[in-house]
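First the structure, in the form of structure tokens, and then the observations on it.
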Amino acid sequence: MALLPILCYPDPKLHTVAAPVAAVDARIRTLVSDMLETMYEAKGIGLAATQVNVHERLIVIDVSEQRDAPLVLINPELLWTSEQTHLNEEGCLSVPGIYDGVMRHDAVKVQALDGNGQRRLIETDGLLAVCIQHEMDHLLGKVFVEYLSPLKRNRIKTKMLKAQREARS
């Protein structure tokens, strides 16, 4: 297993639309392990392959208190969303230290392959539903700050670029 570097906003690679995973093989299983290790190390609850500069439709999530219930979604498809939405405070490993409100559907139904290539149907609500929507946005090349006003987005972009410059010097 290996820790993978996480792309930071506003890296243009975060806007790449992910391609479907062709086969759940040894390469994908290694990527899943590395992504889980990276997510846990970074204290995150979700990570999309796009965030580690792999542009394939793969997500790992663990919203459990004990951090021992990893969920792997390969080629996820959103089948249904509830009409009800609410504002959620979100953060992102690609936008460290930034949290803001994003409207999300209260419940979702998703079909995906798991880490063994088995088809799964997941119907969920709460934090897991929010996390799935957030991570699926990454697969479409969308970062949560894009839901914010242009003014907030520009302030965040400026702050992130400044932090990246300071980290290099």
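All residue numbers refer to positions in the sequence shown, counting from 1. Predicted model only: the values in this text are computed from it and were never measured.
Atoms CD and NE2, from Gln133 and His105 in turn, are 5.5 Å apart once rounded to the nearest 0.5 Å. Rounded to the nearest 0.5 Å, atoms CE (Met160) and SG (Cys8) are 4.5 Å apart. The distance from atom CG of Leu71 to atom CZ of Arg120, rounded to the nearest 0.5 Å, is 5.5 Å. Atom-to-atom distance recorded for His15:NE2 and Leu7:CG is 10.5 Å, nearest 0.5 angstrom. The CG atom of Leu58 lies 8.5 Å from the CG atom of Asn75; values are rounded to the nearest 0.5 Å. Here OG1 of Thr16 is found 11.5 Å from CG of Leu139. Values are rounded to the nearest 0.5 Å.
Looking at heavy atoms from C-beta onward, Leu79 lies in side-chain contact with Leu121 at the 4.5 angstrom threshold. Using a 4.5 Å heavy-atom threshold, the side chains of Ile59 and Val72 count as separate. Using a 4.5 Å cut-off on side-chain heavy atoms (C-beta onward), Ile98 and Lys159 make contact. Residues Gln118 and Leu113 fail the side-chain proximity criterion, which asks for heavy atoms closer than 4.5 Å. Two residues are said to be in side-chain contact when any heavy atoms from C-beta on lie closer than 4.5 Å; Glu135 and Pro76 fail this criterion. Inter-residue side-chain proximity for Val52 and Asp34 is flagged as unmet; no heavy-atom pair is nearer than 4.5 Å. At least one side-chain heavy atom of Val32 sits under 4.5 Å from a side-chain heavy atom of Val60. A heavy-atom distance below 4.5 Å is found between the side chains of Pro10 and Leu161.
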Requested in this report: Might you work through the side chain to side chain contact (heavy atoms under 4.5 Å, CB included) test for Val108 and Leu78, ending with a clear yes or no?
Outcome: CA-CA 7 Å; Val108 297; Leu78 198 55; 3.8 Å; yes
**Report entry** Chi angles and distances behind the side chain to side chain contact (heavy atoms under 4.5 Å, CB included) call for Asp62, Leu36
**Finding:** CA-CA 9 Å; Asp62 190 342; Leu36 283 167; 5.6 Å; no
Report task. Give the C-alpha distance, both sets of side-chain angles, the deciding distance and a yes or no for side chain to side chain contact (heavy atoms under 4.5 Å, CB included) between Phe144 and Asp137. Result -> CA-CA 8 Å; Phe144 90 98; Asp137 275 353; over 6 Å; no
Query - Stepwise side chain to side chain contact (heavy atoms under 4.5 Å, CB included) check, Leu148 with Ile156 - result: CA-CA 10 Å; Leu148 307 177; Ile156 291 167; 3.6 Å; yes
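No salt bridge links Glu77 with Arg57; every basic N to acidic carboxylate O contact stays at or beyond 4.0 Å.
Of all heavy-atom pairs spanning Leu93 and Gly46, the tightest one is CD1-O, 3.8 Å. Across every non-hydrogen atom of Thr50 and Ala18, the tightest pair is OG1-CB, 4.1 Å. Minimum heavy-atom separation, Val24 to Arg29: O-NH1, 3.2 Å.
Two different hydrophobic clusters hold Met136 and Leu14 under the rule that ILVMFWY side chains link at heavy-atom gaps under 4.5 Å. Hydrophobic clustering, with ILVMFWY side chains joined whenever heavy atoms are under 4.5 angstrom apart, keeps Val110 apart from Val21. No path of Ile, Leu, Val, Met, Phe, Trp and Tyr side chains, each step under 4.5 Å between heavy atoms, connects Met39 with Val143, placing them in separate hydrophobic clusters. Linking Ile, Leu, Val, Met, Phe, Trp and Tyr whenever their side-chain heavy atoms come within less than 4.5 Å leaves Leu47 and Val130 in two separate clusters.
Sorted by first and then second residue, the salt bridge (Lys or Arg N to Asp or Glu O under 4.0 Å) pairs with a member in residues 2-26 read Asp11-Lys13; sequence neighbours excluded. The side chain to side chain donor-acceptor pair (under 3.5 Å) pairs that include a residue from residues 85-103 are Gln51-Ser94, His86-Asn88, His86-Asp106, Glu90-Arg104, Glu90-His134, Asp100-Lys152, where partners are two or more places apart or lie in different chains.
Other residues, nucleotides and ligands place no more than 12 heavy atoms under 6.0 Å from the CZ atom of Arg155. Within 6.0 Å of atom CZ in Arg153, more than 12 heavy atoms from other residues, nucleotides or ligands are found, so the atom counts as buried in its surroundings.
Figure legend: Lys142 and Tyr147 shown as a cation-pi pair, the cationic atom lying under 6.0 angstrom from the six-membered ring centre and within 45 degrees of its axis.
Tested against Ile132 for a side chain to side chain contact (heavy atoms under 4.5 Å, CB included), the candidates Val63, Leu73, Leu127 yield a single pass: Leu73.
Panel note: side chain Thr124, backbone Leu128; no donor-acceptor pair is recorded below 3.5 Å.
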